Amino acid sequence: MSGEPAIALDDVGVRLGEVDALLDVTLRLHARTVAVVGENGSGKSTFARLLAGLLPPASGRLRVLGLDPVREAAELRRRVAVVFSNPDAQIVMPTVAEDVAFSLRPERLRRDELRRRTDAALDRFGLAALRDRSSHDLSGGQKQLLALAGAFVREPELVVADEPTAYLDARNARRIATHLLDEGDHRLVLVTHDLALAERCDAAVLFAAGRVEAVGRPDEVVAEYQRVLSC
């Protein structure tokens with residue numbers, strides 16, 4: 001994708017309490033799909049939450065989709081969706097259909113349009129037959145599909161997914177990955193420990209100790225990460 005970068009950071013730092021979670025991060029990311037890899041505590045999840053507007057930068061300059069996540073937080077929330085590793089953190093309504101529809105509440109749609117978009121999302125993620133089921137009685141894979149339906153029903157420009165396949169079996173992990181990577185024209189920032197999944201993205205970023213250690217082609221970044229792990 002050409003033009004201005006979808007994600008631009010200049011010397012960005014983030015503090016969590018007394019800890020510097022990100023240090024002097026400078027990045028320009030144009031690719032549609034970006035994998036974020038690194039060891040636990042490297043800053044990956046902090047980076048994801050920063051892009052989603054869930055954490056403020058302590059220093060530096062940040063733009064996501066051309067927006068300042070602090071001054072233009074409401075517009076950023078409208079254009080960005082977040083998917084976490086634990087779908088229970090995102091499921092808030094008692095039934096499957098109600099939970100998807102809840103994501104559209106800020107748009108104040110007419111009842112028929114709300115139903116149309118909810119049904120389309122349920123059908124897309126294979127949940128139409130479960131629309132009246134209790135959200136919290138679903139399997140782990142079904143819950144993650146519900147979390148995706150709630151995210152994608154808003155038609156986001158950018159999806160930030162933090163370990164979305166971490167607790168899934170191989171079949172459901174493949175289904176989630178296909179929805180995130182291969183379907184739709186949204187941009188994706190994917191935090192993952194699954195290096196094979198990371199290599200399916202268009203670009204990758206390696207974090208270590210709160211800093212960017214490598215950025216570029218996924219195969220090259222993954223190879224660098226594996227070299228670091230072997231040391």
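For clarity, every value in this text was computed on a predicted model and none was experimentally measured.
Of all non-hydrogen atoms in A151 and V83, the two that sit nearest each other are CB-CG2, 4.0 Å. Residues A161 and P164 come closest through the heavy atom pair CB-CG, 3.7 Å. Between A147 and P87, the shortest heavy-atom distance links the atoms CB-CB, 4.1 Å. The minimum heavy-atom distance between H30 and R187, with the atom names listed, is O-NH1, 2.8 Å. Between L146 and V100, the shortest heavy-atom contact is CD1-CG2, 3.5 Å.
Residue R200 forms a side-chain hydrogen bond (donor to acceptor under 3.5 Å, both in side chains) with just one option from T192, D182, T178, and that option is D182.
Within 6.0 Å of CZ on R175 lie no more than 12 heavy atoms contributed by other residues, nucleotides or ligands.
At least one donor-acceptor pair under 3.5 Å links the side chain of S135 to the backbone N or O of T95. One N or O on the side chain of S139 and one on the backbone of Q142 form a donor-acceptor pair closer than 3.5 Å. Without hydrogens or angle criteria, D20 side chain to L23 main chain gives no donor-acceptor distance under 3.5 Å. Using modelled atom types, no side-chain atom of T165 and backbone atom of A173 make a donor-acceptor pair closer than 3.5 Å. At least one donor-acceptor pair under 3.5 Å links the side chain of R28 to the backbone N or O of L9.
Tracing side-chain contacts under 4.5 Å through hydrophobic residues (I, L, V, M, F, W, Y), one reaches F125 starting from I176; they form part of the same cluster. Residues L16 and L22 share a single hydrophobic cluster, defined by chaining ILVMFWY side chains whose heavy atoms lie under 4.5 Å apart. Under the 4.5 Å side-chain contact rule for hydrophobic residues, L51 and V221 do not share a cluster. Hydrophobic cluster membership is shared by L62 and F207, with clusters built from Ile, Leu, Val, Met, Phe, Trp and Tyr side chains linked at under 4.5 angstrom. In the hydrophobic clustering of this structure, V153 groups with L138; members are Ile, Leu, Val, Met, Phe, Trp, Tyr whose side-chain heavy atoms approach within less than 4.5 Å, directly or through other members.
Put simply, the side chain of V189 does not reach to within 4.5 Å of the side chain of V159, judged on heavy atoms.
Among residue pairs with one or both ends in residues 78-102, those qualifying as salt bridge (Lys or Arg N to Asp or Glu O under 4.0 Å) are E75-R78, E75-R79, R79-E157, D88-K143; sequence neighbours excluded. Applying the side-chain hydrogen bond (donor to acceptor under 3.5 Å, both in side chains) definition to pairs two or more places apart or across chains, those involving residues 221-231 are E224-R227.
Between R171 and D169, no side-chain nitrogen of the basic residue sits less than 4.0 Å from a carboxylate oxygen of the acidic one, so the salt-bridge criterion is not met. Using a 4.0 Å cut-off between a side-chain N of Lys or Arg and a carboxylate O of Asp or Glu, R61 and D68 do not qualify as a salt bridge.
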Requested in this report: Let me see the working for E39 and K44 under salt bridge (Lys or Arg N to Asp or Glu O under 4.0 Å), right down to the final yes or no.
Outcome: CA-CA 8 Å; E39 296 182 83; K44 304 187 308 299; over 6 Å; no
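With rounding to the nearest 0.5 angstrom, the CZ atom of F47 is 5.5 Å from the CD1 atom of I7. L188 contributes atom CG, which lies 13.5 Å from atom NE2 of H179 (distance to the nearest 0.5 angstrom). To the nearest 0.5 Å, the span separating NE2 on H193 from OG on S85 amounts to 9.5 Å. Rounding to the nearest 0.5 Å gives a distance of 8.5 Å between CG of L148 and CD of Q90. The OG1 atom of T33 lies 3.0 Å from the CG atom of D202; values are rounded to the nearest 0.5 Å. With rounding to the nearest 0.5 Å, the separation of CG in L122 from CZ in R115 is 9.0 Å.
No hydrogens or angles considered: a donor-acceptor pair under 3.5 Å links the side chains of D162 and S45.
Note: H186 and F152 meet the aromatic proximity criterion, with ring centroids under 6.0 Å apart.
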